Amino acid sequence: MNIQLTVNGKAQEKEVDARLLLVHFLRDDLGLTGTKIGCDTSQCGACVVSMDGKTIKSCTCLAVQANGSDITTIEGVAPDGVLDPVQEAFWDNHGLQCGYCTAGMIITTVELLKKNPNPSDDEVREGLKGNICRCTGYQNIVKSVQAAAKVNRS
Amino acid sequence: MTTRIFGSGIRRREDPRLITGGATYTDDVQLPGMLYAAMLRSPHAHAKINSIDITSAVGARGVVAVYTGADIEGVLNGIPCAWVPPGADLVAVTHPAIAKDVVRYQGDAVAVVVAEDRYQAEDALELINVDYEILPSVTNPEAAMKPGAPQLHEDAPNNQAFHWVSEGGDTEAAFSAADVIVKDTIIQQRLIPNAMEPRSAVATWTKATGELTLWSTSQNPHICRFLASLVTGLGEHKIRVIATEVGGGFGSKIPVYADEMITSFCSMQLGRPVKWTATRSEGFQSTIHGRDHVEYVEMAATQEGKITGVRSKIYAGMGAYLSTAGPGVPTILHGLIYCGPYDIGATKADVYGVFSNATPTDAYRGAGRPEATFLIERLVDLLAVELGTDPAELRRKNLIPKFEEGHDVISGLTYDSGDYEPLMDMVLGHADYSALRQEQAQMRENGHYMGIGVTCYNEICGLGPSQVAGAVGFGGGLWESAIVRFHPTGKVHVYSGISPHGQGEETTFAQIVSDELGVDVDDVTITHGDTSNTPMGWGTYGSRTTSVGAGAMVIAARKIKEKARLLAAHLLEAAESDVEYRDGQFSVKGSPDQSKSIQEMATMANVAWNLPEGMEPGLEASAFYDPPNFVYPFGTHLAVVDVDKDNGHIVVRRYIAGDDCGPQINPMIVEGQVHGGVVQGIGQALWEHAIYDDNGQLVTGSMTDYALPRAHLLPNIESLSTVTPSPHNPLGVKGVGETGSIASTVTVYNAVIDALRPLGVTRIDMPLTPEKVWQAIRQGHGS
Ligand code: FES
Ligand code: FES
């Protein structure tokens, strides 16, 4: 099937199998390997991308469902090479170790802070409960989110 | 001039590529003409394979090849076990990469399909027809040793893989003389490490040169190459293993697995690159599990509360085959540390390694030491109840007093350095322990159940002297090496054989080398993870990367500095003995204006226009560092929990981690390691459990069913530390990668049992799920 969509600001048109998952489309067809696959049961959030301004798990979405949409992956968060405050905050606050969950965490955080610019720690933790990190114990991720929130508000 | 950067929490240099999606993990590697492999795995725990029909799969769309156990016979050797503890009658059963006649656990590979894309490979798996004859199975290690249990391997009667006994002192005498003996049965449940990056391999065979390149999700690419050479029969010099970006391991990426070898085999057969990546559910079945002990443990003490003996009888589940380091975990890494931070006169570990129809077990964060700390600290709490004393004070009474240059314990180890009590005081003071106890008493009066767990631990890591490795049956050395090279422009490149995968050592190593050589930290590049451009090394596990890996760098850097100093003396026309080094500058004693920078020396050594007689050009050095001893970090952890007696729900209200890992190169990274470890340990106490049903089916075989710690379930961890340098390595550093998971499981467990004691609960099998807690409360005794 033919799909047309915008990924990180760039128009894409491709022939894809109807069953192709969006995450494989992004990784294998477009070479955007920053989006990760951590599970096969829609549990971990490693694959989170932003679709039309909402976070979705790209492992649970078909490429054809993304037809006509506007997608941002981790590669598109800092298009001009200037890091987003969320990226900076993860870097400053040791919000990552192996980095495998990080793309999903950052995209989720960007959206979370849009909805709630001034979250409590509990709200951050609730907001991240669909994203699994096995390395950090989450504490520095929460700290990173709060630091980014502060910068965004200032 | 540079300021010392050791001890500063600078941001990690790894992060820019990781926060922008620019890193290349194994599954991100795309090669022209690459094929995809998918494994067909046994759905049964134990079965005979009568026949396999691959005809339809071979003809399916996109399929390039299908291989079964018959195809690898005589081509791929068995997957070896590389840790054989001596004196334990270990049965080294053959572990074929693809099962041919019998499958022994759910997840055992029986065939591989190679196709043009992932989807086609997966599709074709369904077209393979295997005729299985189901055999009886057993997964519990204690049950597996009972008479009449299903047998896994002909050469291993009673499913006994080994029997390892280690005794220090006379435990029989200690227990017969004891005033008090406390006992417990502990189930160290099976856990699944679940690094977020699934295992993956990309193999590419270059026929013309006879060389294999293997991207592999490995914590130890050089060991991977070494074992791949044994399995494939290729010379090590013909194999290149690349593991530059690895998404967490926690021990699960130490082993060399069948899948990576099968992927290599496929590429060698087909002459095209082949990629295999585990799905998460596939990983649950085929990536190693951890723990799985059934333990009978007891502690002897005097009426005054002096601990005099600890002993155990343990059935340690090895799974269906012996994984790479599996047998070393419940033995060497466990039974030798039974004294913990206490002066105990007699210890004995009596460990049966047992085959069962389950996924092989191996090192999982802490590996043997969380189990040891758990049983010691559980028994100390029971002893405190028995003696009617405060558990923290009972611990204090038994702590080994401060020592700086080694302390021998009865189990046969020499602890490097320790100063346990001040850190304990710091933690108790920070928590306001006596206020917590008062609060607990008040809450109990009001029918609320709050509990406090206090753990004192130490652990053995920084593995380790190679001579000891040999003596304890580890199939390799445990030294590390490094090459430190000055480029002509004065920039520095370091090549290390060790292989961090999330621990941030690209940053900490650069800090160390920058300090040693007096160059800016940004002028130092660290390369690791690729066997083709790094010197031999044994890998990242056992909290050894910094203490051993950096040890090699420091020595190499010091060699360079000395050479540069001699060159400086020559160029300054000064006597060698008059030239001294300080902060990147060489100057003549007494005339500081006569000086040369180390960067200038790098240029002059590299151009080699004017070298002293006999000096070789270039400014680089390699060093091999074999540590003289292990390192022994230690600490005190404290947890406060609230248990809802009506529904069994547990909230970890506070968690305080006091750890001493020696001087901290980058405190921010140290703290991150503590957080991650503590949370994994809490996961074991409260949620995680690999459950097999009676037919050997893994019931918790996906992330939906296996409960991993999530953000909203956890408290902030309060970190404290003291600094007690190790006398045994150049930087005095100890490891910190595993301390959290070593201490936290029992800390939280003890807190929960402490909370429930008024309700008559003395023990609950982990994980402490609300249902189990609720049932234990209803029964009012140990469940
Ligand atoms: S990969 Fe999508 S949720 Fe895990
Ligand atoms: S940083 Fe490794 S999984 Fe989050």
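In what follows, every heavy atom counts, from backbone to side chain, and hydrogens, waters and symmetry copies are set aside. Owing to the predicted nature of the structure, the values given are computational and were not obtained by experimental measurement. Chain letters run A, B, ... following the sequence lines, proteins first, then strands; residues in each count from 1.
Contact count versus chain A (heavy atoms, under 4.5 Å) is highest, among Ser702(B), Gly504(B), Ser281(B), Gly9(B), for Ser281(B). Of the listed residues (Gly38(A), Gly34(A), Gly130(A)), the one with the most heavy-atom contacts under 4.5 Å to chain B is Gly38(A). Between chain A and the options Leu18(B), Leu713(B), Val679(B), the largest number of non-hydrogen pairs under 4.5 Å is found for Leu18(B). Most heavy-atom pairs under 4.5 Å with chain B: of the set Leu128(A), Leu21(A), Ile132(A), Asn140(A), this distinction falls to Ile132(A).
Of the atoms belonging to Ile106(A), it is side-chain heavy atoms, and not backbone ones, that fall under 4.5 Å from chain B. Heavy atoms closer than 4.5 Å to chain A are found in the backbone of Val246(B), but not in its side chain. Residue contact with chain B, scored on non-hydrogen atoms closer than 4.5 Å, is absent for Leu32(A). Looking at Pro500(B), neither its backbone nor its side chain comes within 4.5 Å of chain A, counting heavy atoms on both sides. Only the side chain of Tyr138(A) comes within contact range of chain B, with at least one heavy atom under 4.5 Å from a heavy atom of that chain. Phe284(B) does not touch chain A: none of its heavy atoms, backbone or side chain, sits under 4.5 Å away. Proximity to chain A involves both the backbone and the side chain of Gln673(B), based on heavy atoms less than 4.5 angstrom apart. Contact annotation for Asp117(B): neither backbone nor side-chain heavy atoms come within less than 4.5 Å of a heavy atom of chain A. Contact of Asp121(A) with chain B is made through the side chain alone, with heavy-atom distances under 4.5 Å. Ile10(B) does not touch chain A: none of its heavy atoms, backbone or side chain, sits under 4.5 Å away. Proximity to chain B (any heavy atom under 4.5 Å) is restricted, for Lys36(A), to the side chain, taken from C-beta onward. Contact of Thr102(A) with chain B is made through the side chain alone, with heavy-atom distances under 4.5 Å.
Within the 4.5 Å cutoff, side-chain heavy atoms of Met196(B) are placed close to those of Cys44(A). With contacts defined as side-chain heavy-atom distances shorter than 4.5 Å, the pair Glu88(A)/Ile19(B) does not qualify. Leu96(A) is listed as a side-chain neighbour of Arg12(B), based on a closest heavy-atom distance under 4.5 Å. Between Leu20(A) and Arg118(B), the closest side-chain pair of non-hydrogen atoms is not below 4.5 Å.
Residues passing the ring pair (Phe, Tyr, Trp, His ring centres under 6.0 Å) test with Tyr364(B), sequence neighbours excluded: none. When the side-chain contact (heavy atoms from CB on, under 4.5 Å) test is applied to Thr20(B), the partners found at least two apart in sequence or on another chain are Leu83(A), Gln87(A).
Rounded to the nearest 0.5 angstrom, Met703(B) CE and Thr41(A) OG1 are separated by 7.0 Å. Atom NE2 in His501(B) sits 8.5 Å away from atom SG in Cys135(A) (nearest 0.5 Å). With rounding to the nearest 0.5 angstrom, the CG atom of Asn93(A) is 10.0 Å from the CZ atom of Arg11(B). Here Asp27(B) contributes atom CG and Thr33(A) contributes atom OG1; the two are 9.0 Å apart, rounded to the nearest 0.5 Å. The distance from atom CD of Glu14(B) to atom CH2 of Trp91(A), rounded to the nearest 0.5 Å, is 11.0 Å. Atom NZ in Lys129(A) sits 13.0 Å away from atom CG in Leu714(B) (nearest 0.5 Å).
Judged by distance alone, the side chains of Gln30(B) and Asp28(A) do bring a donor and an acceptor atom under 3.5 Å apart. With hydrogens and angles left out, the side-chain atoms of Arg125(A) and Asn716(B) include a donor and acceptor closer than 3.5 Å.
A donor-acceptor contact shorter than 3.5 Å is absent between the side chain of Asp40(A) and the backbone of Thr279(B). Remark: side-chain polar atoms of Glu75(A) are not paired, donor with acceptor, to backbone N or O of Gly22(B) under 3.5 angstrom. A distance-only check finds a donor-acceptor pair linking the side chain of Gln139(A) to the backbone of Ile717(B) [under 3.5 Å].
We find that Glu688(B) and Arg134(A) are joined by a salt bridge, their nearest charged nitrogen and carboxylate oxygen being less than 4.0 Å apart. Using a 4.0 Å cut-off between a side-chain N of Lys or Arg and a carboxylate O of Asp or Glu, Glu126(A) and Arg710(B) do not qualify as a salt bridge. Between Asp123(B) and Arg19(A), at least one side-chain nitrogen of the basic residue sits less than 4.0 Å from a carboxylate oxygen of the acidic one, meeting the salt-bridge criterion.
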Residue pair Arg27(A), Asp28(B): steps toward the side chain to side chain contact (heavy atoms under 4.5 Å, CB included) verdict
CA-CA 8 Å; Arg27(A) 289 176 50 80; Asp28(B) 301 339; 2.8 Å; yes
Does the side chain to side chain contact (heavy atoms under 4.5 Å, CB included) test come out yes or no for His94(A) and Ile669(B), once each step is laid out?
CA-CA 7 Å; His94(A) 194 23; Ile669(B) 290 178; 4.1 Å; yes
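In this structure, Gly248(B) and Cys98(A) approach most closely via the heavy-atom pair N-CB, 3.3 Å. Nearest heavy atom pair, residue Tyr25(B) against residue Tyr100(A), reads OH-N, 3.4 Å.
Aromatic ring centres of His24(A) and Tyr119(B) lie closer together than 6.0 Å.
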